Amino acid sequence: MPSFDTKLDPNLEAVGNAVDTTSKEIGTRFDFKGTSAAVEYNKKDKQVTVFGDSDFQIDQVRDVLYSKLTKQKVDIRFMDIGKVEKIGGDKVKQVLTVKAGIESDLAKKIVKLIKDSKMKVNASIQGDVVRVQGTKRDDLQAAMALMRKDIDDVPLSFDNFRD
């Protein structure tokens, strides 16, 4: 029976490269000289931490990071933006979490979308992946097109396509 898997699969190595190039640019830019602007990447927790002197500076550093992520071909929709937190003195930080794997709410939304479409395919949640099975390859491709059209807040990827 033909099937494929739907998942969120960011390139964590490219995220690390983008953080490194962002850090280099922050070190050389005139408007960041003498400030506490910095970027750190925790690969284990899949978190990017942005430091700055103010909310405005955090936004500037985040814009530089987003441009570097785009150059590395990493969709910025993978980044889950946290709240700006005050740390010692007048310094602030913000944690951006890299989304990997489909969360249960999104998985339920995908399954409901496929069931409501009355297509001749079945969707099932398997951990952090949604497996879609059908009798015809064309039905599976139609399901992919439906998901691309209706779910645009996260960059879904489709793999493990089997006949």
Side-chain angles (χ1 to χ4, degrees), residues 4-111 113 123 125-132 140-141 143-162:
F4 68 88
D5 291 339
T6 306
K7 62 182 183 175
L8 284 175
D9 192 21
N11 184 348
L12 296 177
E13 197 170 299
V15 172
N17 292 340
V19 170
D20 289 343
T21 56
T22 301
S23 183
K24 287 178 187 173
E25 183 169 329
I26 289 170
T28 59
R29 275 185 43 173
F30 179 75
D31 54 342
F32 291 128
K33 290 275 190 216
T35 65
S36 64
V39 179
E40 290 179 359
Y41 178 52
N42 185 345
K43 192 171 187 173
K44 187 181 78 164
D45 295 336
K46 298 177 187 158
Q47 291 182 336
V48 178
T49 308
V50 180
F51 298 96
D53 290 337
S54 65
D55 292 353
F56 177 71
Q57 194 172 58
I58 291 267
D59 292 341
Q60 285 182 317
V61 174
R62 202 174 55 232
D63 288 343
V64 172
L65 175 65
Y66 285 171
S67 71
K68 300 303 178 189
L69 285 169
T70 305
K71 285 180 184 175
Q72 291 283 337
K73 295 181 177 49
V74 175
D75 197 321
I76 60 171
R77 293 179 292 174
F78 280 120
M79 305 306 280
D80 188 22
I81 301 170
K83 290 190 290 187
V84 176
E85 304 169 14
K86 282 200 176 278
I87 53 179
D90 58 346
K91 313 278 187 247
V92 290
K93 76 173 185 175
Q94 186 174 38
V95 177
L96 309 173
T97 307
V98 182
K99 297 179 199 171
I102 295 180
E103 298 163 355
S104 63
D105 295 339
L106 180 61
K108 289 175 186 174
K109 182 179 173 184
I110 291 171
V111 170
L113 174 72
I125 301 170
Q126 297 183 348
D128 59 352
V129 173
V130 176
R131 175 154 296 156
V132 180
L140 293 179
Q141 290 173 341
M144 282 182 195
L146 177 71
M147 284 189 270
R148 281 191 187 108
K149 185 181 114 216
D150 287 357
I151 299 174
D152 57 355
D153 54 339
V154 292
L156 294 174
S157 61
F158 307 105
D159 68 339
N160 207 12
F161 197 93
R162 297 190 179 151

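Owing to the predicted nature of the structure, the values given are computational and were not obtained by experimental measurement. Counting begins at 1 with the first residue of the sequence.
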Just distance, no hydrogens or angles: give the donor-acceptor pairs under 3.5 Å from side chains in residues 103-111, sequence neighbours left out.
none

Legend entry - Under the salt bridge (charged side-chain N to carboxylate O under 4.0 Å, His left out) test, residues paired with D153 that sit two or more places apart: none
Legend entry - Gap separating the CG atom of L96 from the CD1 atom of I58, nearest 0.5 angstrom: 8.5 Å
Inset, instruction - Without swapping roles, check the side chain of S157 against the backbone of K7 for a donor-acceptor pair under 3.5 Å. - result: yes
Inset, instruction - Quick one: list whatever passes ring-ring contact (aromatic ring centres under 6.0 Å, His included) with F4, sequence neighbours left out. - result: F158
Inset, instruction - State the OG1-CG distance between T97 and N42, to the nearest 0.5 angstrom. - result: 10.0 Å
Inset, instruction - Give the minimum heavy-atom separation between V130 and A123, together with the two atoms involved. - result: CG1-CB, 4.3 Å
Legend entry - Interatomic distance, F161 atom CZ to Q141 atom CD [nearest 0.5 angstrom]: 5.5 Å
Inset, instruction - Calculate, to the nearest 0.5 Å, the distance between atoms OG1 and CG belonging to T21 and L65 respectively. - result: 8.0 Å
Inset, instruction - Indicate yes or no: at least one non-hydrogen side-chain atom of M79 is less than 4.5 angstrom from one of V98. - result: yes
Inset, instruction - Go through L146 and L113 one step at a time and tell me if the side-chain contact (heavy atoms from CB on, under 4.5 Å) criterion holds. - result: CA-CA 8 Å; L146 177 71; L113 174 72; 4.0 Å; yes
Inset, instruction - Kindly indicate whether the side chain of I102, heavy atoms from C-beta on, has any atom under 4.5 Å from the side chain of V129. - result: no
Inset, instruction - Kindly give the heavy-atom pair with the smallest separation between V74 and A14, and that separation in Å. - result: CG2-CB, 3.5 Å
Legend entry - Residue list, salt bridge (charged side-chain N to carboxylate O under 4.0 Å, His left out) with D45, at least two apart or on another chain: none
Legend entry - R148 (side chain) donor-acceptor with L156 (main chain) under 3.5 angstrom: no
Inset, instruction - Any chance you could lay out the side-chain contact (heavy atoms from CB on, under 4.5 Å) test for V50 and T22, step after step, and finish with the verdict? - result: CA-CA 10 Å; V50 180; T22 301; over 6 Å; no
Legend entry - Atom pair CG (L69) and CG (N17), whose distance is rounded to the nearest 0.5 Å: 10.5 Å
Legend entry - Distance in Å, I151 CD1 paired with K149 NZ, rounded so as to fall on 0.5 Å steps: 11.0 Å
Legend entry - Nearest non-hydrogen partners of D75 and R77, listed with the distance: OD2-NH2, 2.7 Å
Inset, instruction - Evaluate the side-chain proximity of M144 to V132: yes if any heavy-atom separation is below 4.5 Å, no if none is. - result: no
Legend entry - Contact list for residues 31-41, test side-chain hydrogen bond (donor to acceptor under 3.5 Å, both in side chains), sequence neighbours left out: R29-D31, T35-Q57, S36-D53
Inset, instruction - Any side-chain hydrogen bond (donor to acceptor under 3.5 Å, both in side chains) involving residues 60-72? Give me the pairs, sequence neighbours left out, ordered by first then second residue. - result: E25-K68, D59-R62, R62-Q94
Inset, instruction - Using a 4.5 Å cut-off on heavy atoms from C-beta on, say whether the side chain of I87 contacts that of F51. - result: yes
